[in-house]
Amino acid sequence: MRMGVDYYPEHWDRSMWEKDAKLMQDTGVSLIRVAEFAWSRLEPTEGCYDFTWLDDAIDTFAKHAIQVVIGTPTCTPPNWLVHEYPDVLPRDAQLHPHYPGVRGHRCYNSLSMRHYSTLIVEKLALHYAANPAVVGWQIDNEFGLHECNCDHCNSRFRDWLQNKYGSIEAVNSEWGTVVWSGEYSNWSQITTPLGGTKHKNPSYLLDYKRFETDSVVEFQQLQLNILKKHCPNHFVTHNIWSYPMSLDYYKLCENLDFVSLDYYPSTSPEKDVSSGYSGALTLDLTRGIKRQNFWIMETISGPPGCWMPMWRTPHPGFIRAFAWQCIARGADTLVHFRWRSAPSGAEQFWHGLIDHSNVPGRRFEEYRGLCQEVQKLAPLLERTKVQSEAVILHSHDQFNAFQMQPQVEGMDYFDNIKTIHRAFTKLGIMTDVLSENEDLSGYKLIVAPSLFLLDPELASRLEECVKNGATLVLMPRTGVKNQNNICWIRPLPGPLSDAAGVTVAEYDPIGRDVHTIRWQNKSYSCSQWCDILSPQSAEPVAWYEDDFFAGQTAATVHALGEGKVYYLGTIPEEAFYVDFFKEAAEESGLHLFPGLPEGVQISLRANESTRYLFLMNLTRKPQTVQLDGIYRSIFNDCDMDQVLTMEPYAIEIVELPQKNV
Ligand code: GLA
Ligand code: ZN
């Protein structure tokens, strides 16, 4: 567990390196990430590589016991490359090039891009393989999808389809192209989604998204192969941006050693409470991508700006508290973005730990304290893992399918997951967030928000979990389609109807209208969607109170094997989730931390013998937490009051024996 910073030696006069390195060492920084945008300095003209400046920088920092992660520079093709080989540039749906000027102006399928990327990564790998200060690599920077329509992408898309379907007839039938005379009689008729309308065949669009992810994965794999070949002792990672995102991070990270996340919680006072909750989801989701601890490769150090007018500066305690939130939820190393604000370029006002003044100030002092705390606690937290008993399923394909076919005004797949996850966080229930493709055995409670695309294989895996004792919670828009985005011709929830013991007789997409349901003699509001349920072997547990379906079933429960399946036919308000999941969690014997005030979160990291409970006030207000016993604060080495007052952004960590809660 260590602290690092993102550092750009090429942005600073060499005379500053030594001072920066010394200050880093004195502060407790032991790692820098460098070079991920420095292609024009590493290869100023075609084939002329110059790594001497980077060697000198690395040596300077190594003398101060600072190790180095090198970013491959392929996010920023230099001007000579773009100028000589314009096929590097992606083309939008109107076939206009994405010109250089910022970053990311590269088509992942461009042959020139692949060729020159391979060359520079190989040179770097060979050059730094034996440098003792270099510990690992970040490939590229924050991959995303371009929806490129260049010739390379078109021909590779056709190859991809041939590989997946084998014949043009299979494409026609799996996509249902018969509608609106969309049938193909020759491969050459298939193109990437060019301009015109976005209301194209959803099966085609979903496959195009999958193809795009595969293009990024392939581009990354070229670099990964080189790095693994020449630098077998180095780790290789990539820094993802947070979900929601149309690139499939699960596939992207499959072959990496670990996931790294760039995490920028909002500093806005209006988001005082909400940013901690959405951050908790982002961190849980990141941990779930490879089901292991992760790194933070960038995080907030000052007021962000430049992509938008500047946000508020991090309130005193904010930088420290959100750093601990990352560790609490599974981060093993934190790299802050960035050491010092850039003097030039488009990102001058995305502030670093040190301002342009070059005088370390309040934020820097807070960071210094954080480094010291992390150093002190690292030996305890090393090799601990987050412990969860509940899981929320998150699917990249479901997200894309909903993005291309919004079901109703106000219904957003990821926002709905946020509300569910927030309810769990408020209840103090540790929750994993996993892809539906993962093995889910062992979880007591599985929440599956809108399994829009549902094949019988996933349905039977979920059914098995229930039979073995899990409680499964299903939601509206489940079992609508198969994996090719074609509707099932059977009652909803399609392949899960039997397990749920219920079918949907009719539905009303109520959108932003607000209705109510009655559950356990209490009314709760709901919106977006109402499935009017027809229980088969399931029991009704909630009823609609409005409209022509007043009195009809809104939710059911179905006992199955050792477990049970709830079907919620609507999207309820958060208060419902809090009450409902509390009851479901208690029934399933999950651990809760009741009575947490708004914005105060807990987390648990554990090894075989000890568990560490984190209590975090991620708000600008003091808060009071009722503890169920006398605990000893690790920070202050003293017993804490049972009615614990937490100052704004206060963090407490306590040690619990294993299996005590
Ligand atoms: C991303 C990028 C960084 C930087 C920050 C701030 O996370 O990876 O290079 O641009 O955003 O905008
Ligand atoms: Zn392309």
Side-chain angles (χ1 to χ4, degrees), residues 5-8 10-11 32-39 69 71-77 82 85-98 102-114 117 138-160 191-194 208 211-216 218-219 237-242 245 260-267 282 286 295-311 314 335-342 344-353:
V5 291
D6 297 300
Y7 191 75
Y8 300 92
E10 70 279 20
H11 294 181
I32 52 175
R33 180 197 62 177
V34 298
E36 80 277 14
F37 301 123
W39 199 336
V69 177
T72 69
T74 49
C75 182
T76 46
V82 172
Y85 307 95
D87 71 299
V88 161
L89 300 178
R91 304 237 159 203
D92 69 15
Q94 273 71 39
L95 299 179
H96 298 149
H98 173 137
V102 186
R103 302 179 289 197
H105 47 282
R106 58 1 184 166
C107 162
Y108 303 111
N109 288 314
S110 149
L111 298 183
S112 307
M113 186 60 201
R114 289 187 170 198
S117 301
Q138 170 192 298
I139 294 179
D140 205 282
N141 190 76
E142 290 187 350
F143 280 128
L145 299 186
H146 287 306
E147 317 217 323
C148 179
N149 298 277
C150 76
D151 292 344
H152 295 304
C153 286
N154 269 284
S155 86
R156 292 193 75 90
F157 183 42
R158 288 189 281 269
D159 292 348
W160 187 93
T191 67
T192 58
L194 295 167
Y208 174 67
F211 156 75
E212 282 231 288
T213 280
D214 285 353
S215 304
V216 183
E218 248 183 68
F219 179 72
T237 185
H238 172 73
N239 60 328
I240 60 167
W241 186 244
S242 49
M245 166 55 83
S260 297
L261 171 73
D262 295 348
Y263 181 52
Y264 292 101
S266 170
T267 52
T282 295
T286 301
W295 279 31
I296 297 292
M297 198 59 100
E298 299 180 16
T299 191
I300 192 157
S301 301
C306 110
W307 305 103
M308 64 280 164
M310 282 181 239
W311 295 356
V335 182
H336 276 70
F337 185 88
R338 46 190 278 162
W339 177 248
R340 188 168 38 236
S341 313
S344 57
E347 239 183 28
Q348 287 161 314
F349 300 110
W350 193 288
H351 290 78
L353 290 164

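Residue numbers count from 1 along this sequence. No hydrogens, no waters, no symmetry mates; every other heavy atom, side chains included, goes into these values. In each ligand, atom 1 is the first atom listed, and ligand 1 is the first ligand listed.
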Next on the checklist: If I compare all heavy atoms of S215 with all of R114, which pair ends up nearest, and what's the gap?
Outcome noted: O-NH2, 3.7 Å

Next on the checklist: Looking only at the aromatic ring of each residue, does the gap between the centers of W350 and Y264 stay below 6.0 angstrom?
Outcome noted: yes

Checklist entry - Near W307, which atoms of ligand 1 are under 4.0 Å from a heavy atom of that residue? => result 12 (O)

Checklist entry - Hey, which atoms in ligand 1 end up nearer than 4.0 Å to a heavy atom of Y264? => result 5 (C), 7 (O)

Checklist outcome for this item: Under 4.0 Å from one or more heavy atoms of F37, ligand 1 contributes atoms 9 (O)

Checklist entry - Looking just at side-chain N and O atoms, do N154 and N149 make a donor-acceptor pair shorter than 3.5 Å? => result no

Checklist entry - Would S260 and T237 count as having a side-chain donor-acceptor pair, cut-off 3.5 Å? => result yes

Checklist entry - Which ligand 1 atoms are under 4.0 Å away from a heavy-atom of E142? => result 1 (C), 2 (C), 7 (O), 8 (O)

Next on the checklist: Between H152 and D87 (side chain of the first, backbone of the second, donor and acceptor by atom type, cut-off under 3.5 Å), is there such a pair?
Outcome noted: no

Checklist entry - Do the side chains of L145 and Y208 get nearer than 4.5 Å, heavy atoms only? => result no

Checklist entry - At the Zn ion (ligand 2), what is the angle formed between atom SG of C150 and atom SG of C148, rounded to the nearest 10°? => result 110°

Checklist entry - Does an N or O from E347, backbone or side chain, lie closer than 3.5 Å to an N or O of ligand 1? => result yes

Next on the checklist: Any non-hydrogen side-chain atom of M297 less than 4.5 Å from a side-chain atom of H238?
Outcome noted: no

Item to check | Distance filter under 4.0 Å to N141 heavy atoms, resulting ligand 1 atoms | outcome: 2 (C), 8 (O)

Next on the checklist: With salt bridge (charged side-chain N to carboxylate O under 4.0 Å, His left out) as the criterion, how do R156 and E218 come out once you've worked through the C-alpha distance, each side chain's angles and the decisive distance to 0.1 Å?
Outcome noted: CA-CA 12 Å; R156 292 193 75 90; E218 248 183 68; 2.6 Å; yes

Item to check | Residue portion contacting ligand 1 (non-hydrogen atoms closer than 4.0 Å) for D6 | outcome: neither

Item to check | Other residues, nucleotides, ligands: >12 heavy atoms within 6.0 Å of D151 CG | outcome: no

Item to check | Heteroatom proximity flag, W241 to ligand 1, N/O under 3.5 Å | outcome: no

Item to check | Nitrogen or oxygen of R33 less than 3.5 angstrom from that of ligand 1 | outcome: no

Checklist entry - How wide is the angle at the Zn ion (ligand 2) between SG of C153 and SG of C107, to the nearest 10°? => result 100°

Next on the checklist: One residue to check: R103. Relative to ligand 1, which of side chain, backbone, both or neither has a non-hydrogen atom less than 4.0 Å away?
Outcome noted: side chain

Item to check | Mode of E36 contact toward ligand 1 - side chain, backbone, both, neither (heavy atoms, under 4.0 Å) | outcome: neither

Next on the checklist: With nothing but distance in play, are any N or O atoms of Y8 less than 3.5 Å from an N or O of ligand 1?
Outcome noted: no

Item to check | Close-contact set for ligand 1 against E298 heavy atoms, below 4.0 Å | outcome: 1 (C), 2 (C), 3 (C), 4 (C), 5 (C), 7 (O), 8 (O), 9 (O), 11 (O)

Next on the checklist: Looking at T267 and P314, would you say the former's side chain and the latter's main chain have a donor-acceptor pair under 3.5 Å?
Outcome noted: no

